[in-house]
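One-based numbering along the sequence shown. Please read all numbers here as calculations on a predicted model, not as lab measurements.
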Amino acid sequence: MPERDMRIREATPEDALAACEVLERSIVELCDADHRNDASILALWLGNKTPANFRAWVDRADNTVLVADENGRVLAVGSVTDAGVIGLNYVSPDARFRGVSRALLRALEARAADRGSRRCDLTSTRTARRFYLSNGYVDSGPPVRGFGTSSAYPMTKILSDPVRDAG
């Protein structure tokens with residue numbers, strides 16, 4: 001389908017089932033370098049990816065959940081807090097390498113900036129680390145435990161300042 005049909009929009013509670021499917025498929029199918037098909041790691045990582053939790057994330061006042069949507073089909077899911085912490089950025093395996101993740105990341109960063117954040121912080125998987133480095137993020141500490149593994153990477157990016165950049 002033409003990429004022009006893809007849009008980034010606010011998630012709604014009605015997106016919960018489709019969004020959770022994207023989250024699960026992305027983790028299971030794309031992040032095997034992180035979970036190594038270990039059932040205990042997958043159980044930890046997927047444990048909070050439920051429709052009820054998704055709806056709670058959407059309803060949180062200090063959190064924004066966005067989805068990449070193409071003709072009514074959820075392709076990717078992302079979230080960012082008002083403090084600039086990106087908690088989710090997952091793409092469906094069907095939409096990988098189409099620029100969807102990059103577009104969603106830009107929208108998350110823009111939302112953080114609109115809410116007053118001067119930077120975005122996240123914890124990357126081994127799988128996504130190269131993607132974040134190519135998008136201006138830098139390591140902000142040694143690997144930590146996360147996603148049920150010992151290889152989660154704290155990263156940060158200073159967001160551009162439109163006032164400073166214009167002058």
Side-chain angles (χ1 to χ4, degrees), residues 8-12 15-16 19-20 22-28 30-35 41-42 44-50 52-69 74-92 95-166:
I8 307 295
R9 64 170 174 80
E10 296 271 344
T12 67
D15 291 318
C20 286
V22 166
L23 295 170
E24 182 174 338
R25 285 194 64 211
S26 183
I27 292 165
V28 171
L30 302 179
C31 298
D32 55 330
D34 297 281
H35 59 68
I41 292 172
L42 282 167
L44 283 170
W45 200 344
L46 294 170
N48 70 340
K49 310 301 187 290
T50 66
N53 281 345
F54 180 84
R55 289 182 196 101
W57 297 331
V58 168
D59 289 341
R60 265 184 55 194
D62 68 336
N63 190 54
T64 299
V65 181
L66 301 176
V67 294
D69 173 295
V74 175
L75 301 178
V77 179
S79 71
V80 64
T81 67
D82 290 353
V85 177
I86 295 175
L88 301 171
N89 188 15
Y90 291 93
V91 65
S92 169
R96 193 173 190 199
F97 301 121
R98 290 184 38 205
V100 175
S101 295
R102 190 174 310 275
L104 183 59
L105 181 61
R106 294 289 175 263
L108 294 169
E109 292 169 350
R111 182 58 56 94
D114 289 347
R115 300 272 171 101
S117 292
R118 309 272 292 162
R119 69 181 214 198
C120 279
D121 296 300
L122 57 85
T123 303
S124 176
T125 61
R126 174 179 289 138
T127 300
R129 186 168 176 266
R130 194 171 85 208
F131 167 78
Y132 288 117
L133 289 169
S134 74
N135 280 280
Y137 285 77
V138 296
D139 291 318
S140 59
V144 296
R145 289 198 59 74
F147 314 106
T149 75
S150 59
S151 299
Y153 301 89
M155 303 184 85
T156 193
K157 177 180 180 179
I158 303 301
L159 301 175
S160 63
D161 182 344
V163 174
R164 184 189 70 223
D165 294 345

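A donor-acceptor pair under 3.5 Å is formed between the side chain of Thr156 and the backbone N or O of Cys120. Proximity of a side-chain donor or acceptor of Asn53 to a complementary backbone N or O of Asn48 within less than 3.5 Å is detected. When atom types are taken as modelled, the side chain of Asp34 and the backbone of Arg126 share a donor-acceptor pair closer than 3.5 angstrom. Side-chain atoms of Ser124 do not come within 3.5 Å of backbone N or O of Tyr153 as any donor-acceptor pair. In this structure, Ser134 contributes its side chain and Phe131 its backbone to a donor-acceptor pair below 3.5 Å.
Considering only heavy atoms from C-beta on, Ile8 stays 4.5 Å or farther from Arg106 through its side chain. By the 4.5 Å heavy-atom criterion applied to side chains, Tyr132 and Leu105 are counted as neighbours. Residues Arg129 and Asp139 are in side-chain contact: their nearest non-hydrogen atoms beyond the backbone lie under 4.5 Å apart. Considering only heavy atoms from C-beta on, Arg118 stays 4.5 Å or farther from Ile158 through its side chain. At least one side-chain heavy atom of Met155 sits under 4.5 Å from a side-chain heavy atom of Leu133.
Going from atom CG of Leu42 over to atom NE2 of His35 covers 4.5 Å, rounded to the nearest 0.5 Å. Between the CZ atom in Arg111 and the CG atom in Asp82 there is a gap of 9.0 Å [rounded to 0.5 Å]. Going from atom CZ of Arg55 over to atom OG1 of Thr12 covers 9.5 Å, rounded to the nearest 0.5 Å. Interatomic distance, Leu23 CG to Leu46 CG, rounded to the nearest 0.5 Å: 8.5 Å.
A side chain to side chain contact (heavy atoms under 4.5 Å, CB included) with Ser79 is found for exactly one of Leu88, Asn89, Ile86, Thr64, namely Leu88. For the pairing with Val77, the side chain to side chain contact (heavy atoms under 4.5 Å, CB included) check across Val22, Val91, Leu66, Asp15 returns one residue only, Val22.
Taking all atoms of both residues into account, the shortest heavy-atom contact from Gly84 to Ala112 is CA-CB, 4.0 Å. For the residue pair Arg25 and Ser92, the shortest heavy atom distance occurs at NH1-OG, 3.7 Å. Summarising the geometry of Val100 relative to Ala68, their closest heavy-atom pair is CG1-CB, 3.6 Å, with the distance given to 0.1 Å. Scanning all heavy atoms of the two residues, the minimum distance from Ala76 to Leu104 falls at CB-CD2, 3.8 Å. Pairing each heavy atom of Ala11 with each of Phe54, the nearest pair is CB-CZ, 3.8 Å. Among all heavy-atom pairs drawn from Ser117 and Ala83, the shortest one is OG-C, 3.1 Å.
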Original post:
Going through the checks in order, is the side chain to side chain contact (heavy atoms under 4.5 Å, CB included) test met by Thr81 and Arg60?
Top reply: CA-CA 9 Å; Thr81 67; Arg60 265 184 55 194; 3.8 Å; yes
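Not counting sequence neighbours, Asp114 has no partner by the salt bridge (Lys or Arg N to Asp or Glu O under 4.0 Å) test.
Within 6.0 Å of CZ in Arg119 there are 12 or fewer heavy atoms belonging to other residues, nucleotides or ligands.
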